[in-house]
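Scroll down for the structure; my scribbles are underneath it.
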Amino acid sequence: MLQVVSNSFLRKIFGAQDHPDTLINVLRSGHAIALRFSRKGDYLASGRVDGKLVIWDMQTMSVALKMHGHFKQVQSISWSRCGRYILSAAQDWRAILWDLADASRVRIVKFQAPCYMAELHPYNHNLFICALFEDTPFLVDITNAKPVKRVLPSNPLMDNSLSSKDGKHTTCAAIFSLHGNHILTGTNKGYINIIETETRTIIHSAKISSGLITLLRLSSNGRSLLVNSTDRIIRVIHLPDLTQIRPSNAVPNQDEDTDPGTVAENITLSVEHKFQDLVNRLRWNHTTFSHSSSNSSSDYVTASTYMKKDIYIWELSTNSLLRILENSEEPAIIEWHPSRPLIATTGIETGGIQFWGIEPQQKWSALAPDFAEVEENVEYTEREDEFDEYPEEERTKRRLDREDEEVDIFTIEPTKADEEEAFVLPVIIGVDQESDDDDELVPTGVGTMRKKEANEGREWEESVEPAVVARRRAR
Amino acid sequence: MDIDSPAPKRRRTSSHSSTASSRDLSPNRPRSSHNSSFEPRRAYQGRESSRSTSRSGSEEPDRGRRSWQTHDALRGRRESRENRENTSSDGGTPRSRSSSPDSLPRRPLPLLTPTPPPTSSKHLKFKPIPDGTLRSHARGITCIRFSPSGEYLASSSADATINIHSTTHPFPLLKTLTGHLAGINVLAWSPDSRTIASGSDDKSIRLWDVASGKAHRVPLLGHHNYVYSLAFSPKGNMLVSGSYDEAVFLWDIRPTGGNIMRSLPAHSDPVSGVDFIRDGTMVCSCAGDGLIRIWDTMTGQCLKTLVDEDRKPVASVRWTANGKFVLAWTLDGCVRLWDYREGRCVKTYQGHVNTQYSLSGTMGQYALAGRREAFVASGSEDGEVLAWDVSTKEVLWRAKGHSKVVLGLDFQRGKDGKGMLVSAGLDRTIRFWEECDEVDDTDEPPGLVNGDSYVDAPDENIKRLRLNEREDEVMEELELKTEPEET
């Protein structure tokens, strides 16, 4: 409860504004190319061009952990619900599940093509989906050391004439539904497929866009789907409650009437919002929902665009552009903190991570408790007994007698946030010395530096699992 | 003599008289205390109270030893003091204090609880653990803390070392951490129990690896004066420190040598206490200027300031376990529980002596008829250890074990559910107390004071909160200094 208590306390103090408007921080570790906040928002993972993963502590805004495993650019990062595991997918055709407790690689899964993205099941960190470059997507079970890859369908559920006309589909984006019972995929022909996780069959398809679907995002309540597509429109799609959909392999109950809402055939996907720049015909690079407010639905959508340094923020309730933030460099990946008005973006040029937030204003009344901030002059009305003088003794006694309430100094009312993510990253003191690798230059003596050799500092690659090495040798 | 039931009428001390009592020069007091197992409890007698209790004192069994000092002596002292004050004001010394010369700090607060029933409905009692007295430090002990894992007990001392003891009987000394160049004021355990942070008079904060007993190579430097208070964030990634340089720093401890994330423009007097709330979103700090401030960790904004009407110097501060309240020790001999959101003092605990030192204490839970009740425990400058019920404010238990100021106190409940209290102070001993059940309620006297008296008194200033030399305080200080000679 405390999180909530204190946050509501903080919110009351900081006022109502809930979208970022100022550049508050820039962090750098290598060239960041992928970003993801943990579910609770206390850590941020960034993937780098050189394949390294960096975990940032959002409280200290500093590097908490660096992990070496990929040797090409990281494409996507996904956090487990507990916050202990993360899955990274990279252009080196591999996806790696990491245990942050000791920075070890739990599983390494190799594919036949570079990964677009991979996402962990929301409740099972041994199950993930992976969309590959010009290959079929997979549902991968990594419970055992040997991963079980199952192909997911890409071709939409349509009458044959239509799908044959469209030609072969490939899946470009895939995410799990809120509870992981379904998988939502987007294809290169602008279709959205809803796939049942258990049977891996498509239960619904809809053509949303004329272009390729590059990105799917789910709001935190699972009922809104954010779709970015190459047709220069960002769409917000209203999803039905997928948990209500009857499993396709369930025995149909003849006796009672089935609720039409539970039948997969009745699913309709309706586009609620469309955001686009009609004048400049901007192409959107990356987009994301804002943090969810009290009613657990997001209020804003933010996006980065190609060739411009601007960050766009739209307000969903008014369906209109709220703000354009002028960044110092062109932003690529853009992520919104899950619980705070804070945006993190990667810069295309420098690979730094920019943070946009709200510049706090010190309330002066907080510094002096007997001061109150008023909007305008107020005529002061004196309390009846305000200047009455009582003997010191009596006053204190009265005060002490008033302290008769029951107080509870131990009970912690549990919150969602508390139960969801208990994992705390171990603190490594001197983390900056352990990994030296950010600089291209290495000191060789007093005042002299030399450029790092191509494979220097990559000794870890040799420590890749023996099986992988053996396979690589065999090839 | 039932020393466990709270005295029915107990007055807070006036800072004045107890200050005098802490100095051995007072003629009303035996030169050495070691021949008496009970220290004179001058501290409990305010002026008015001494008059009234000495009249009715004979009816109260435990008054006997407490009103050891004749009230005439007290009154005499008081009069001489007042005379002096009068002469000083007559002499035209400019005084910033406009109120009566004997202003607030010296006025005893009235009784806080209505006379409690003779047999307390709530029960909490500790008894000293046999052989549970450790003497491993060469100078006064400033801070004592159980590790979060419960395995270890760390104590910091003015002898510039930290000792780590095991918490299983007979509490062997496991490690001594050496490296600080001056006395250590405070220590804090990281939540994983693998690191200890310590703040010292050498102005540095050091991080110690508990397993190896070695300090991390580079200390955390930045404070310009003694580091006086410290706390780890609940995730162990940050430290908050308060110093005599009046600043509060938030440290990111991951980089070598730490990184000052924020420097909070906190106070106008030495920062005597700091603490992190349990989710790490807020920090509280307190200082000799009488303010308790609540800060937002992320932004470094001051969110709230808690201040008592009298603005007594605040000696230390802690969040409660659920983060809803702030517990603060003030130098008027009170421990106050604040509802920080409303900025209101909800409870005042009295009964101990606290006029100069940064006492601190702990909170714990005890069972009462199947219900879990909470208690607050604190040390006292007369060597006592006290525990109050959180809600009723009554003193549940008090015992004397130490011969000098009790600065550190910690409580933990073992795996067997047995409560263990540990206290330490300027008499250089660590004492273990165990919770005892109602049944084995023996009337044996609690921890005996054995002759731990030191002829040399270099420890006098350890953890003594010295305030800025503002005019009125300078005056106060002067009075305190000159007073023994006068009487």
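Keep in mind that the numbers below use all heavy atoms, side chains included, and drop hydrogens, waters and symmetry copies. Order of the sequence lines fixes the chain letters, A, B, ..., with proteins taken first and strands second; residue numbering starts at 1 for each chain.
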Subject >> Check against side-chain contact (heavy atoms from CB on, under 4.5 Å), B:R254 and A:V427 >> reply: CA-CA 7 Å; B:R254 285 193 181 96; A:V427 173; 3.9 Å; yes
Subject >> From CA spacing to verdict: side-chain contact (heavy atoms from CB on, under 4.5 Å), A:Q59, B:T297 >> reply: CA-CA 8 Å; A:Q59 278 186 321; B:T297 315; 5.5 Å; no
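With chain B as the partner, the residue from A:A368, A:S62, A:P426 showing the most heavy-atom pairs under 4.5 Å is A:S62. When each of B:G364, B:G257, B:G343, B:C345 is scored by its heavy-atom pairs under 4.5 Å with chain A, the top score falls to B:G364. Comparing A:T60, A:I24, A:L425, A:D57 by how many heavy-atom pairs each has under 4.5 Å with chain B, the most go to A:T60. Chosen from B:Q365, B:R262, B:R372, B:R194, the residue pairing most often with chain A at heavy-atom distances under 4.5 Å is B:Q365. Heavy-atom pairs under 4.5 Å with chain A peak, among B:V390, B:L291, B:L207, at B:V390.
For a residue to count as touching a neighbouring chain, one of its non-hydrogen atoms must lie under 4.5 Å from one of that chain's; by this rule B:R344 touches chain A with the side chain only. For chain A, the nearby parts of B:N237 are the backbone and the side chain; heavy atoms of each come within less than 4.5 Å. B:S190 does not touch chain A: none of its heavy atoms, backbone or side chain, sits under 4.5 Å away. Contact annotation for B:M363: both backbone and side-chain heavy atoms come within less than 4.5 Å of a heavy atom of chain A. Both the backbone and the side chain of B:I253 come within contact range of chain A, with heavy atoms under 4.5 Å apart. If you measure heavy-atom distances from B:L250 to chain A, you find no contacts under 4.5 Å at all. Only the side chain of A:V424 comes within contact range of chain B, with at least one heavy atom under 4.5 Å from a heavy atom of that chain.
A distance of 6.5 Å separates CD of A:E406 from CD of B:E373, quoted to the nearest 0.5 Å. Rounding to the nearest 0.5 Å places CG of B:D332 at 10.5 Å from OG1 of A:T396. Taken to the nearest 0.5 Å, the CZ atom of B:F375 stands 9.0 Å off from the CD1 atom of A:I409.
At distances below 3.5 Å, not a single donor-acceptor pair connects side-chain atoms of B:K324 with backbone N or O atoms of A:F410.
The shortest heavy-atom contact between B:T195 and A:I429 is CG2-CD1, 3.9 Å. Nearest approach of A:A366 to B:C302, heavy atoms of both residues: CB-O, 3.2 Å.
Salt-bridge formation is detected for the pair B:K235/A:D42: a Lys NZ or Arg NE/NH1/NH2 atom is positioned less than 4.0 Å from an Asp or Glu carboxylate oxygen.
The local environment of CD in A:E384 is sparse, with at most 12 non-hydrogen atoms from other residues, nucleotides or ligands closer than 6.0 Å.
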